[in-house]
Number of protein chains: 2
Amino acid sequence: MSQHRHPGAPGRAGAVPALPDLPEATVARLPEYLRALHNLAESGHETVSSEGLASAAGVNSAKLRKDLSHLGSYGTRGVGYDVALLVDQIEYVLGLTQRRAVALVGVGNLGHALAGYDGFAGRGFRIAALLDADPSRVGEEINGLVVRHVDELPRVAAEEAIAIGVIATPARAAQAVADQLVAVGVTSILNFAPCVLSVPEGVDVRKVDLAIELQILSFHEHRKASLTALPATGGSALTALPGGLAVTDTQEAIGT
Amino acid sequence: MSQHRHPGAPGRAGAVPALPDLPEATVARLPEYLRALHNLAESGHETVSSEGLASAAGVNSAKLRKDLSHLGSYGTRGVGYDVALLVDQIEYVLGLTQRRAVALVGVGNLGHALAGYDGFAGRGFRIAALLDADPSRVGEEINGLVVRHVDELPRVAAEEAIAIGVIATPARAAQAVADQLVAVGVTSILNFAPCVLSVPEGVDVRKVDLAIELQILSFHEHRKASLTALPATGGSALTALPGGLAVTDTQEAIGT
DNA sequence: CGCGATTTGTGCACGTCTTCACAAGCGCCT
DNA sequence: AGGCGCTTGTGAAGACGTGCACAAATCGCG
């Protein structure tokens with residue numbers, strides 16, 4: 001596997017493959033910038049200002065400029081950023097120039113949906129294998145892929161270089177699956193099971209828990225309710241009364 | 001629908017319903033503590049130390065103590081925290097004492113999975129309505145609920161107090177759905193569509209983008225690869241070689 | 001009743017992230 | 001060629017989050 005060629009930085013001399021170590025907060029925003037840039041490119045924009053891109057991505061323009069400055073100077077003062085160039089840059093930094101293979105374990109309710117999610121294919125990933133521990137699910141075909149038994153993981157890993165493992169099993173099975181993924185060399189795991197995984201150092205785990213997101217919203221909902229119940233407290237922050245037909249316009253809507 | 005009685009703080013005199021305004025980072029962790037506490041309660045623990053709860057939730061014990069201290073003193077020095085009491089407290093703060101009604105818009109691939117996700121019912125939420133704009137999907141029954149047309153949203157909202165709207169539509173439809181939700185008084189939205197929503201002030205939006213999570217993992221994967229390719233750089237950070245059957249216990253998870 | 005073991009709650013220092021504000025640089029127009 | 005308006009890139013300050021380390025508080029035991 002030869003390293004993919006660095007696509008951006010056309011005339012720029014200097015260290016080529018050295019990845020700057022970006023702040024974690026910046027890394028978390030780059031994908032959002034990338035999505036906004038793709039939209040802009042589709043709608044014909046060749047360049048974009050930090051202001052324009054920031055509002056398309058839903059962030060502050062100063063933050064965006066600082067984020068982009070961490071990957072180098074790819075803007076032109078007085079003009080803005082070249083959309084195509086920036087896309088290449090961000091895709092390179094995120095490691096999306098190679099289409100990474102994803103193994104999805106657990107094809108229950110959620111796993112089914114993930115297997116059919118077209119947002120993966122369009123954004124640099126390819127579901128390379130579907131696995132499940134339930135023999136009655138093995139053999140089922142989803143989106144052109146046949147579900148295999150999770151014990152075949154070593155064979156699957158031998159066939160293709162699995163870059164990322166996705167766990168969509170019940171919580172009680174998640175740790176065992178994680179151990180199996182680690183055992184075959186997977187060092188990045190996306191965990192949808194509501195539990196904490198313990199993994200050896202060097203393995204990254206990101207967790208997505210749908211119920212947690214709802215609970216966070218519930219907190220704010222609860223707080224809003226308790227505030228409107230006590231009008232004494234001084235804030236002029238919330239003016240929103242329900243039913244007000246208030247329609248948007250606050251932020252530049254995105255151009256699809 | 002009377003306000004549920006504040007369950008915790010049994011002997012405590014003072015302001016009853018006043019919600020302390022917690023740091024956002026703390027709020028984001030409370031649901032995780034809550035889940036860990038439920039597990040502990042099921043396995044028979046009556047009390048738990050900050051150390052124990054912290055490791056069950058995958059965080060530092062000092063951080064956990066500071067988080068809990070924000071909601072008041074509910075621990076006993078030398079002993080730990082009363083599990084049941086803490087559960088009540090956190091559920092109260094998160095506003096989970098009332099089972100909140102959720103309207104789910106978009107019953108495609110992902111929406112289907114969400115409609116069947118049992119993690120909602122078990123954690124303080126109830127899917128009150130399924131909606132979709134596609135007439136061919138209207139009428140379909142999922143998990144005992146019939147899909148209704150999204151234009152019926154005002155009627156749905158009149159029937160039940162919708163606390164939270166979940167958007168699981170394609171990106172191009174998401175803004176319109178958000179506007180409709182806001183128009184019927186929804187002030188909390190969980191958005192699965194890969195786009196930025198603009199909403200009036202006072203409305204909370206949380207976004208979950210599966211592809212973004214993968215891209216963040218991809219970045220770290222890319223970085224790990226570029227580091228092992230350049231062994232010169234001084235870090236002793238990564239010692240992990242694949243294939244090593246290294247099992248668990250480190251507890252280092254990735255930060256959010 | 002007092003003492004030691006244990007665990008919480010928190011002051012403090014440190015690092016990270018955000019935001020402002022502005023100098024430096026670029027292109028365009030005259 | 002020169003000046004002017006626009007936009008990037010960044011220093012500095014402030015807000016926020018984290019983790020250490022320890023005092024205060026509680027329980028159990030002799």
Side-chain angles (χ1 to χ4, degrees), chain A residues 8-9 11-12 14 20-30 32-33 37 40 45-83 85-86 89-90 93 216 237 251-252, chain B residues 8-9 11-12 14 20-30 32-33 36-37 40 45-83 85-86 89-90 216 237 251-256:
Chain A
R12 209 150 182 97
D21 57 343
L22 309 172
E24 199 46 41
T26 296
V27 174
R29 282 187 294 264
L30 286 181
E32 192 69 46
Y33 302 157
L37 284 166
L40 288 167
H45 294 72
E46 305 229 329
T47 66
V48 64
S49 71
S50 66
E51 199 75 43
L53 180 53
S55 80
V59 301
N60 183 305
S61 71
K63 184 152 49 179
L64 178 128
R65 286 200 298 278
K66 185 146 290 187
D67 282 342
L68 294 187
S69 78
H70 285 126
L71 16 133
S73 266
Y74 291 105
T76 309
R77 294 169 185 223
V79 178
Y81 298 91
D82 182 292
V83 172
L85 174 59
L86 207 47
Q89 264 311 306
I90 295 180
V93 169
I216 295 171
Q251 285 254 24
E252 276 262 351
Chain B
R12 207 144 183 106
D21 59 341
L22 309 172
E24 202 40 45
T26 295
V27 174
R29 281 186 294 264
L30 286 182
E32 192 69 45
Y33 302 157
L37 284 167
L40 288 167
H45 295 70
E46 305 229 330
T47 66
V48 64
S49 70
S50 65
E51 199 73 45
L53 181 52
S55 81
V59 302
N60 184 304
S61 72
K63 183 152 47 180
L64 177 129
R65 286 198 299 276
K66 187 150 292 188
D67 283 342
L68 294 188
S69 77
H70 285 128
L71 16 133
S73 265
Y74 291 105
T76 309
R77 295 170 187 228
V79 177
Y81 298 91
D82 182 292
V83 172
L85 175 59
L86 207 47
Q89 264 312 306
I90 296 180
I216 295 171
Q251 123 158 340
E252 278 265 355
I254 204 170
T256 303

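Just so it is clear: chains get the letters A, B, ... in the order the sequence lines come, proteins before strands, and each one is counted from 1. Note that the coordinates shown come from a computational prediction; the quantities given were computed from them, not determined experimentally.
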Q: May I ask you to evaluate whether A:Thr76 reaches the phosphate of D:dT8, defined as a side-chain N or O under 4.0 Å from OP1 or OP2?
A: no
Q.
Which is more 5' along DNA chain C, the nucleotide nearest A:Asn60 or the one nearest A:Gly78? Just name the residue.
A. A:Asn60
Q | Protein-nucleotide distance (B:Asp67, atom CG; D:dG19, atom C1'), rounded to Å | A | 12 Å
Q) Choosing from D:dG19, D:dA23, D:dG9, which nucleotide comes nearest the side chain of B:Ala62? A) D:dG19
Q: Mind calculating the distance between OH (B:Tyr81) and C1' (D:dA25) to the nearest angstrom?
A: 13 Å
Q: Check whether any side-chain heavy atom of A:Tyr81 lies under 4.5 Å from a side-chain heavy atom of A:Leu37, and answer yes or no.
A: no
**Q.** Close side-chain approach of A:Leu64 and A:Arg29, heavy atoms under 4.5 Å
**A.** no
Q. Looking at D:dG17, does its base get a donor-acceptor pair with the side chain of B:Lys66 below 3.5 Å?
A. no
Q. Under the side-chain contact (heavy atoms from CB on, under 4.5 Å) criterion, do B:Leu86 and B:Tyr33 qualify, and how do the steps go?
A. CA-CA 9 Å; B:Leu86 207 47; B:Tyr33 302 157; over 6 Å; no
Q) Taking atom C1' of D:dG11 as reference, at what distance in whole Å does atom NZ of A:Lys63 sit? A) 19 Å
Q: Indicate yes or no: at least one non-hydrogen side-chain atom of A:Thr47 is less than 4.5 angstrom from one of A:Thr76.
A: no
(Q) Is any side-chain heavy atom of A:Asp67 closer than 4.5 Å to one of A:Val59? (A) no
Q) Nearest 0.5 Å, what's the CG-CD1 distance between B:Leu68 and B:Ile90? A) 6.0 Å
(Q) Whether A:Tyr74 contacts D:dT7 is assessed here as follows: a side-chain N or O lying under 4.0 Å from the phosphate OP1 or OP2. Is that the case? (A) no
Q: Give a yes or no on whether B:Glu46 atom CD has more than 12 heavy-atom contacts from other residues, nucleotides or ligands under 6.0 Å away.
A: no
Q: Return the angle between end axes of the helix from C:dC1-D:dG30 to C:dT30-D:dA1, with five pairs used per end and rounding to 10°.
A: 0°
Q: Tell me, please, the opening and closing nucleotides of DNA chain C, 5' to 3', among those with an atom under 4.0 angstrom from a non-hydrogen atom of chain A.
A: C:dC17 to C:dG27
Q. Looking at OG of A:Ser49 and CZ of A:Arg65, how far apart are the two atoms once the value is rounded to the nearest 0.5 Å?
A. 9.0 Å
Q) Atom CG of A:Leu68 and atom P of D:dT7: how far apart are they, to the nearest Å? A) 16 Å
(Q) Check this one for me: any side-chain N or O of B:Arg29 less than 4.0 Å away from OP1 or OP2 of D:dT18? (A) yes
Q) Separation of B:Arg77 atom CZ from D:dC22 atom P, in whole Å? A) 16 Å
Q: Let me know the distance between CZ of B:Arg65 and P of D:dC22, rounded to the nearest Å.
A: 13 Å
Q: State, with a plain yes or no, whether a side-chain heavy atom of B:His70 is found less than 4.5 Å away from one of B:Pro20.
A: no
